[in-house]
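A short worksheet on the structure shown next.
Each chain gets a letter, A, B and so on, in the order the sequences are listed, and its residues count up from 1.
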Amino acid sequence: MSETETRDFIRQIIHDDLESGKHAEIVTRFPPEPNGYLHVGHVMSICLNFGVAAETGGRTYLRLDDTNPGKESKEYVDAIKRDVHWLGFDWEDRLTHASDYFGKLYESACRLIEMGCAYVDSLSADEIREYRGTLTEAGRNSPYRNRSVEENLDLFRRMRAGEFGDGEHVLRARIDMSSPNMNMRDPALYRIRHIPHQNAGDEWCIYPMYDFAHGLSDAYEHITHSLCTLEFEDHRPLYDWFLDQLKPEHRPRQIEFSRLNLAYAVTSKRKLNTLVEEGIVSGWDDPRMPTIAGMRRRGYPVAALREFVTRAGVTKKDKLIEMGMLENCIRETLGEQAERRMAVLRPLKVILTNYPENTVEMMSAMNHPARPELGTREMPFSRELWIEQDDFMEEAPRKFFRLRPGGEVRLRFGYIIRCDEVVKNAAGDVVELRCSYDPDTRSGTGSSNRKVKGTIHWVSCEHAVDASVRLYDRLFNEANPNAVDDIHSALNPKSLEVVDGKLEPALMELSAGQAVQFERLGYFCPDEKDDSAGARVINRIVTLRDSWAKLEKQAMQQQNQVV
RNA sequence: UGGGGGAUCGUCUAGCGGUAGGACUGCGGACUCUGACUCCGCCAACGGGGGUUCGAAUCCCUCUCCCCCAGCCA
């Protein structure tokens with residue numbers, strides 16, 4: 001009964017179109033405008049467009065929708081190509097630009113004029129806005145609406161020839177100024193822009209609008225299903241209008257689905273831009289950014305991202321997905337893939353008073369608890385060690401089973417130790433622990449069966465590798481920062497914390513982007529830009545789930561309620 | 001107030017006239033040389049009101065709420 005496979009509504013449509021013979025092959029396109037970096041929302045669109053085609057043996061175009069020069073650049077084009085590739089998709093020879101079709105588009109516009117379906121308007125932008133009317137009032141016809149075909153053709157040719165300045169004229173479709181759909185009130189088709197184009201260079205000084213270029217580009221590429229987000233829903237009548245008038249050989253169908261919004265993250269291009277321009281983040285690829293470049297640098301695995309958008313699903317309902325969903329996908333893939341290592345982020349020194357000086361033992365540590373085939377590594381153990389400050393509490397609650405004065409704890413892959421003495425500085429801070437180890441409890445030896453409740457991680461002081469470790473948290477405190485006018489008020493001031501950590505020597509070998517689990521802490525990888533052999537710079541990808549932290553938090557809240 | 005869409009556990013999502021299911025989260029427990037992982041269990045939803053029907057999340061009517069549209073942006 002549960003065997004019936006379930007498809008989202010778009011895959012259902014595509015399945016039906018294939019089954020009915022309406023299409024023999026599915027052709028889709030991913031059409032970003034190269035005016036910014038791709039973000040988590042685009043991951044959804046990329047996976048959908050490339051996914052449905054791949055699943056049905058079809059093809060997908062990567063089309064740069066570059067109809068508005070001045071906002072677009074080569075930098076963004078390159079970033080888009082890099083990001084789509086990184087996600088694991090291949091457009092082969094199907095990299096196109098809307099600008100590749102400027103010639104055909106121009107001819108189509110002329111045909112529209114000849115058919116009496118388009119005219120050159122000489123109203124100013126402000127006047128056009130006034131004439132358009134409002135949501136509840138019909139618009140008025142422009143005084144230029146009834147120019148003759150000859151005059152329109154002449155004017156349009158002269159627009160193209162560069163005889164007019166920016167804004168002097170615009171080519172408009174002649175549809176219906178009283179349409180309840182604002183998009184049908186004689187939308188602009190072409191505007192004059194005397195600026196060079198990132199792909200077409202100086203060839204043009206008039207540029208087509210999205211609505212005119214998009215559907216026709218789809219037709220030229222024989223796109224069968226043109227998938228876009230919900231806000232284009234009421235552009236569909238216009239999309240279809242152009243196809244109805246110009247009757248291209250292939251007729252694409254536009255289908256809309258809802259955007260993917262991630263809680264506590266912005267995907268508005270304008271807001272992303274603000275973050276970059278004001279230096280709130282270090283760039284488009286700052287590891288806190290929800291851009292694909294940022295997530296890649298942060299260390300999010302591709303498989304996790306793809307799984308995430310699959311779980312999010314394809315529907316028409318507005319979504320605001322919890323971070324936890326993404327984090328779960330990341331932990332799931334990394335938990336299986338990432339080798340384990342040890343690192344101390346906030347070091348506290350431990351001296352084993354009964355351990356011989358100038359002695360080093362090599363402890364064998366498993367690289368993955370569930371995958372013995374990944375082998376082991378040797379960890380040097382000596383008299384002076386770093387442990388995590390959090391793993392010691394002078395006055396510990398009953399449930400705390402790490403180290404406390406007089407208490408015992410196991411050092412992972414090492415010995416059981418007892419805390420004998422707490423050393424403090426003048427300010428009263430704990431600066432050192434003097435402990436004794438139990439020689440009979442060495443990990444893996446026959447006599448090591450004695451159990452203690454807690455196990456903590458450690459690094460030998462003498463052998464430790466210094467590292468600057470970047471701990472990231474959400475960029476915003478507001479669940480939906482997209483909806484906030486001033487993002488500054490929504491920023492999380494603690495989105496980045498940098499600590500000086502101590503790494504086990506094996507971490508010397510880590511290569512850029514290679515993710516490992518620091519046991520009991522989380523998943524980490526070297527920063528692809530700032531890390532170097534001489535100075536380790538490590539990003540925290542995501543923490544481990546931490547039920548102790550949760551308990552602590554609850555206890556804290558209860559305490560606050562009592563007080 | 002015009003037009004276009006959308007409402008199912010806290011969050012995603014399945015359902016297509018026949019027992020409202022899954023994932024994430026949350027809660028409880030088992031296990032543990034990672035308070036991780038894994039395993040077990042639990043909480044939790046059809047926006048409201050009418051109808052049709054033996055039977056409605058599903059069909060009809062109605063109300064409510066949410067999102068999008070007044071760029072020479074995409």
Side-chain angles (χ1 to χ4, degrees), chain A residues 2 4 6 8 31-33 35 65-68 70-72 121 123-125 128-130 132-139 166-172 179-185 187-193 207 209-211 213-214 228-237 256 258-260 263 269 308 311-329 331-332 335-336 340 342 365-366 369-370 399-402 409-414 416 441 443-444 448 451-457 517-522 543-551:
Chain A
S2 57
T4 19
T6 133
D8 61 66
E33 184 189 11
N35 68 342
D65 207 356
D66 53 357
T67 53
N68 189 14
K71 285 195 168 181
E72 298 154 2
D121 198 350
L123 252 24
S124 71
I128 286 180
R129 188 181 321 117
E130 269 173 48
R132 186 157 28 233
T134 68
L135 293 179
T136 50
E137 299 163 55
D166 290 8
E168 278 189 53
H169 306 284
V170 63
L171 184 71
R172 292 230 255 169
S179 170
N181 181 347
M182 301 297 289
N183 297 115
M184 300 301 271
R185 320 245 264 227
L189 266 36
Y190 268 90
R191 72 289 217 191
I192 302 171
R193 286 268 190 287
Y207 294 97
M209 301 288 291
Y210 163 84
D211 285 301
H214 204 92
C228 64
T229 42
L230 247 29
E231 67 270 27
F232 292 102
E233 215 151 15
D234 48 17
H235 289 241
R236 185 162 15 107
E256 311 84 11
S258 63
R259 267 176 191 282
L260 181 159
K269 227 162 235 183
F308 172 63
R311 287 188 198 180
V314 181
T315 64
K316 300 192 72 151
K317 198 173 89 169
D318 293 337
K319 4 175 172 277
L320 183 60
I321 302 180
E322 291 172 348
M323 268 292 186
M325 190 81 82
L326 210 208
E327 290 181 341
N328 177 268
C329 294
R331 290 188 185 113
E332 218 168 77
E336 196 189 315
R340 313 284 122 123
M342 285 207 248
M366 279 193 298
K399 286 271 183 70
F400 183 85
F401 41 83
R402 279 112 93 154
V409 76
R410 160 138 242 139
L411 294 177
R412 179 121 161 112
F413 303 127
I416 291 174
T441 58
S443 184
S448 69
K451 303 266 185 216
V452 286
K453 184 69 179 162
T455 300
I456 63 173
H457 59 277
Q517 183 192 98
F518 289 176
E519 294 211 22
R520 304 209 307 132
L521 295 175
T543 61
L544 251 31
R545 275 174 62 201
D546 188 347
S547 48
W548 169 250
K550 215 176 323 185
L551 275 178

Using OP1 and OP2 only, check whether a side-chain N or O of [X] sits under 4.0 Å from [N].
{"X": "Lys451(A)", "N": "rC33(B)", "answer": "yes"}
{"X": "Arg172(A)", "N": "rG71(B)", "answer": "no"}
{"X": "Thr455(A)", "N": "rU32(B)", "answer": "no"}
{"X": "Arg412(A)", "N": "rA36(B)", "answer": "no"}
{"X": "Arg259(A)", "N": "rC12(B)", "answer": "no"}
{"X": "Asn328(A)", "N": "rU25(B)", "answer": "yes"}
{"X": "Arg185(A)", "N": "rC69(B)", "answer": "no"}

Reckon [X] touches a base, only the sugar-phosphate, or nothing at all at heavy-atom distances under 4.0 Å?
{"X": "Thr134(A)", "value": "base"}
{"X": "Leu320(A)", "value": "sugar-phosphate"}
{"X": "Met209(A)", "value": "sugar-phosphate"}
{"X": "Ala125(A)", "value": "base"}
{"X": "Leu123(A)", "value": "base"}
{"X": "Phe232(A)", "value": "base"}
{"X": "Gly335(A)", "value": "nothing"}
{"X": "Glu256(A)", "value": "nothing"}
{"X": "Tyr207(A)", "value": "nothing"}
{"X": "Lys399(A)", "value": "base"}
{"X": "Phe400(A)", "value": "base"}

Between rC73(B), rC68(B), rC24(B), which one does the side chain of Glu33(A) approach most closely?
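Within the option list, the nearest is rC73(B).
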
Nearest-nucleotide pick for Lys319(A), side chain only, options being rC33(B), rC12(B), rC27(B):
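Nearest listed nucleotide: rC12(B).
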
Pair assignment for rC16(B), Watson-Crick or G-U wobble, requiring both distances under 3.5 Å:
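Paired with rC16(B), as far as the under-3.5 Å criterion goes, is no nucleotide at all.
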
Which one is paired to rA7(B), where only Watson-Crick or G-U wobble pairs with both distances under 3.5 angstrom count?
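Checking every strand shown, rA7(B) finds its partner in rU64(B), with both distances under 3.5 Å.
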
Quiz item: Arg311(A) side-chain donor-acceptor pair to rU13(B) base, under 3.5 Å:
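Such a pair does not exist between side chain and base.
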
Give a yes or no on whether a donor-acceptor pair under 3.5 Å exists between the nucleobase atoms of rG71(B), that is its base, and the side chain of Arg129(A).
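In this structure, the two groups form no donor-acceptor pair.
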
Sub-3.5 Å pairs of nitrogen or oxygen atoms, protein against nucleotides 3-7 of chain B:
residue	atom	partner	partner atom	Å
rG3(B)	N2	Asp234(A)	OD2	2.8
rG5(B)	O2'	Glu233(A)	OE1	3.1

Please answer whether rA74(B) and Tyr210(A) are stacked, defined here as ring centres separated by less than 5.5 Å and planes angled under 30°.
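Given the distance and angle limits, no, they do not stack.
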
Any carboxylate oxygen within less than 4.0 angstrom of a Lys/Arg side-chain nitrogen, looking at Glu33(A) and Lys269(A)?
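No salt bridge links Glu33(A) with Lys269(A).
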
Between N or O atoms, less than 3.5 Å apart, protein on one side and nucleotides 14-20 of chain B on the other: list the pairs.
residue	atom	partner	partner atom	Å
rA14(B)	O3'	Thr6(A)	OG1	3.4

